[in-house]
Q: 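The structure that follows is given in the form of structure tokens.
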Amino acid sequence: MTNRAFYENLDAIDPLNSLRNEFYLPPDTIYLDGNSLGVMPLAAHIRIKNAVLQEWADDLIASWNKADWINLPMRVGNKIAPLIGAGQDETVVCDSTSVNLYKVLYSAIQIARKRHPKRRKIVSEKTNFPTDLYIAQSLCAQFDMTLELVESEAIESAIDDELAVLLLTHVNYRSGAIHDMAQITSLAQARDALVIWDLCHSAGSIPVDLTAAQADFAVGCTYKFLNGGPGSPAFVWVHPHHVDAITQPLTGWMGHATPFTFDTQYQPATGIRSYLGGTPPVLALSALDGSLEVFQKAESFGGMQAIYKKAQTLTSLFIQLAEKECADYGLTLVSPRDPERRASQVSLSHPEGAYAIIQALIARGVVGDYREPGILRFGFTPLYVRYIDVWDTVMHLKSVLQDQTWRSDAFSARRTVT
């Protein structure tokens, strides 16, 4: 692994390498930010072009029936289902992760209060993504609940007889560390608590099996590893034994049992359709519908297991090479060293220049991103990241550190989005 030829050889024998051709990738760019925004699949461009020029422009309102726009949220949900271990017609795509989290956390609180009226504790991780914590804070204020934030290593000890709902992100957005979904879910449910999983950094990145884990609820975004495009709608999954047990709080007309009767009294649809709210975003759903085709093609190469195996190799090689070549420049590994505990991401920290280092790399065509506090994030999306990208990225990183290019004032000026 001490020369570029080693990585070229890995690409030559990589069965997933041909899938890179399914994406539009800007020339002279190494894109390692798919954990924030995935690149555009060519199928998404084709699908949305047809939705705009044929379904919207020519067929107009007839497309709600002719192109079956009305069922897009369920159809796209069924494409996501195999990637998260869900059954058919158990997942629906709608709204944003934040809105869907509100729905499921509200539902979980209602179920928990019926089971144990005196329980008031919701537990989450201190380093959970902020939007999850904001939504939890909102509902805690609404229902006189208490949000307890704990360190990752203290999650299991926080599972006790006072716990109502456990809210966790499966893959930590800062470090890429993976929680043991099955084990944690089992521990919480043994105390008769409910568990919600945020799959934003999991879906399309690592194998997930909600059914095997017997999770209660799950939400996730589609614009990261699922490559649905900026602002693409999120998905929501509810275990079948909960889905009709409670009415979710945002009772919009698309969640009605018969929306086109225009009944003035709300009657929820059965199953996951009841978690719909307003009119589906057809163009965004169409792009996502096309984007998911690449995962169907990946099935012939081993599917999510093969994708994750490559991710483990990419990230392990990156860690080894970065630590060898950049040992003298103050970088520290933030992600788990054990590949079984690490998703498709490597995070490094730097004591003073993390943001500027990322900006200096971007100026060279190596796109990662920055997260507080002092974290350089590199996402290795196996469908389009090559092994030679590992070598080239580390060489660029070494050069930026060695020459202290990052100390330029131009790289320290903070932009709105980091």
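Because the structure is a prediction, the values reported are computed rather than measured.
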Q: Would you say the side-chain atoms of T91 pair up with the backbone N or O of N78, donor to acceptor, closer than 3.5 Å?
A: no
Q: Side chains of residues 34-52: which donor-acceptor pairs under 3.5 Å do they make with residues two or more places apart or in other chains?
A:
from : atom 1 : to   : atom 2 : distance (Å)
R47  : NE     : D289 : OD2    : 3.4
R47  : NH1    : E55  : OE2    : 3.4
N50  : ND2    : E55  : OE2    : 3.2

Q: List for me each residue that meets ring pair (Phe, Tyr, Trp, His ring centres under 6.0 Å) alongside Y384, sequence neighbours excluded, and say none if there are none.
A: F23
Q: Does V282 offer a backbone N or O that forms a donor-acceptor pair with the side chain of S286 under 3.5 Å?
A: yes
Q: Can you check whether V171's main-chain N or O pairs, donor with acceptor, with T169's side chain at less than 3.5 Å?
A: no
Q: Under a 3.5 Å distance rule, please check whether N3 uses its side chain to pair with a backbone N or O of A5 as donor and acceptor.
A: yes
Q: Are there more than 12 heavy atoms of other residues, nucleotides or ligands under 6.0 Å from atom CG of L53?
A: yes
Q: Does D209 have any side chain to side chain contact (heavy atoms under 4.5 Å, CB included) partners at least two apart in sequence or in another chain, and if so, which?
A: T211, A212
Q: As an exercise, state the distance from CG of L166 to CZ of R191, rounded to the nearest 0.5 Å.
A: 12.5 Å
Q: What do the steps show when you test R386 against D11 for salt bridge (charged side-chain N to carboxylate O under 4.0 Å, His left out), and what is the final call?
A: CA-CA 6 Å; R386 301 165 298 181; D11 283 324; 5.3 Å; no
Q: Return the minimal non-hydrogen interatomic distance between T131 and S98, and the atom names on each side.
A: OG1-OG, 2.5 Å
Q: State whether the side chain of Y355 and the backbone N or O of A413 hold a donor-acceptor pair below 3.5 Å, judged by distance alone.
A: yes
Q: Are any side-chain N or O atoms of S274 and backbone N or O atoms of T270, one a donor and one an acceptor, separated by less than 3.5 Å?
A: no
Q: Between W197 and H179, what is the ring plane arrangement, given parallel below 30°, perpendicular above 60°, and tilted in between?
A: tilted
Q: Using every non-hydrogen atom in the two residues, find where L331 and C326 come nearest and quote the distance to one decimal.
A: CD1-CB, 3.9 Å
Q: Report the distance from atom SG of C221 to atom CG of L199, rounding to the nearest 0.5 Å.
A: 9.5 Å
Q: Tell me which pairs pass side-chain hydrogen bond (donor to acceptor under 3.5 Å, both in side chains) where either residue lies in residues 292-307, with sequence neighbours left out.
A: E22-K297
Q: Suppose we screen for ring pair (Phe, Tyr, Trp, His ring centres under 6.0 Å). Which residues come up paired with F378, at least two apart in sequence or across chains?
A: F318
Q: For R4, look at atom CZ and say whether over 12 heavy atoms of other residues, nucleotides or ligands are found less than 6.0 Å away.
A: yes
Q: Mind checking whether W237 and V92 have side chains closer than 4.5 Å, heavy atoms only?
A: no
Q: So, does Q345 use its side chain to make a donor-acceptor pair with the main chain of R174 at under 3.5 Å?
A: yes
Q: Please assess I122 against I109 for the test side chain to side chain contact (heavy atoms under 4.5 Å, CB included), listing each intermediate value before the final yes or no.
A: CA-CA 9 Å; I122 296 173; I109 290 171; 3.9 Å; yes
Q: Answer with yes or no after comparing the ring centroid distance for H239 and F217 against a 6.0 Å cut-off, counting only values under it.
A: no
Q: Between F6 and Y387, is the ring centre distance below 6.0 Å?
A: no
Q: Quick one: does M304's side chain get under 4.5 Å of L83's, heavy atoms only?
A: yes
Q: Checking D14 against K310 for the side chain to side chain contact (heavy atoms under 4.5 Å, CB included) test, could you report, in this order, the C-alpha distance in whole Å, the side-chain angles of both residues, the deciding distance, and whether it holds?
A: CA-CA 9 Å; D14 174 23; K310 181 179 176 181; 2.6 Å; yes
Q: Distance-only, no hydrogens or angles: does the K121 side chain make a donor-acceptor pair with backbone N or O of A158 under 3.5 Å?
A: yes
Q: Using a 4.5 Å cut-off on heavy atoms from C-beta on, say whether the side chain of L168 contacts that of D198.
A: no
Q: Is the count of non-hydrogen atoms from other residues, nucleotides or ligands lying under 6.0 Å from D58 atom CG greater than 12?
A: yes
Q: Under 3.5 Å, is there a donor-acceptor pair between the S335 and S175 side chains?
A: no
Q: Going by heavy atoms in the side chains, are Y7 and L321 under 4.5 Å from each other?
A: yes
Q: For residues I362 and V367, report the shortest heavy-atom separation together with the two atoms involved.
A: CG1-CA, 4.1 Å
Q: Is a donor from one side chain sitting under 3.5 angstrom from an acceptor on the other, for H242 and D216?
A: yes
Q: When you compare the side chain of L25 with that of R20, does any pair of heavy atoms fall below 4.5 Å?
A: yes
Q: Using the test side chain to side chain contact (heavy atoms under 4.5 Å, CB included), find all partners of P130 that sit at least two apart in sequence or belong to another chain.
A: Y134, Y173
Q: Apply side chain to side chain contact (heavy atoms under 4.5 Å, CB included) to residues W391 and E8 and explain how you reach the verdict.
A: CA-CA 9 Å; W391 172 268; E8 291 173 340; over 6 Å; no
Q: Does the N71 side chain pair with the main chain of M74, one donor and one acceptor, at a distance under 3.5 Å?
A: no
Q: Is there a donor-acceptor contact under 3.5 Å from the side chain of Q248 to the main chain of L250?
A: yes
Q: Return the CG to CD1 distance between L401 and I357, rounded to the nearest 0.5 Å.
A: 5.0 Å
Q: Could you check whether R341 pairs with D180 (Lys NZ or Arg NE/NH1/NH2 to Asp/Glu carboxylate O, under 4.0 Å)?
A: no
Q: Near W64 CH2, under 6.0 Å, is it more than 12 heavy atoms from other residues, nucleotides or ligands?
A: yes
Q: Can a donor-acceptor pair be found between the side chains of T315 and R342 at a distance below 3.5 Å?
A: yes
Q: Consider only side-chain N and O atoms of Y266 and T247, and report whether a donor and an acceptor are under 3.5 Å apart.
A: no
Q: Looking just at side-chain N and O atoms, do D389 and T393 make a donor-acceptor pair shorter than 3.5 Å?
A: no
Q: Can you check whether V123 reaches V150 side chain to side chain, under 4.5 Å on heavy atoms?
A: yes
Q: Nearest heavy-atom pair of L194 and A108: which atoms, and what distance?
A: CD1-O, 3.7 Å
Q: Output the distance between atom CE (M254) and atom CG (L276), rounded to the nearest 0.5 Å.
A: 8.0 Å
Q: Nearest 0.5 angstrom please: S316 OG to F380 CZ, how far?
A: 10.5 Å
Q: Apply the test side chain to side chain contact (heavy atoms under 4.5 Å, CB included) to residues K79 and S291: give CA-CA distance (whole Å), side-chain angles for both, the deciding distance (0.1 Å), then the verdict.
A: CA-CA 10 Å; K79 284 188 175 182; S291 296; over 6 Å; no
Q: Under a 4.5 Å cut-off applied to non-hydrogen side-chain atoms, are I307 and L16 in contact?
A: yes
Q: Mark yes when over 12 heavy atoms from residues, nucleotides or ligands other than R414 sit less than 6.0 Å from its CZ; otherwise mark no.
A: yes
Q: Using every non-hydrogen atom in the two residues, find where L147 and L133 come nearest and quote the distance to one decimal.
A: CD2-O, 4.1 Å
Q: With a 3.5 Å cut-off and no angle check, do the side chains of R364 and S399 form a donor-acceptor pair?
A: yes
Q: Report the distance from atom CD1 of I319 to atom OG of S347, rounding to the nearest 0.5 Å.
A: 9.5 Å
Q: Please report the shortest heavy-atom distance between L288 and G228, naming the atom on each side.
A: CD1-CA, 3.8 Å
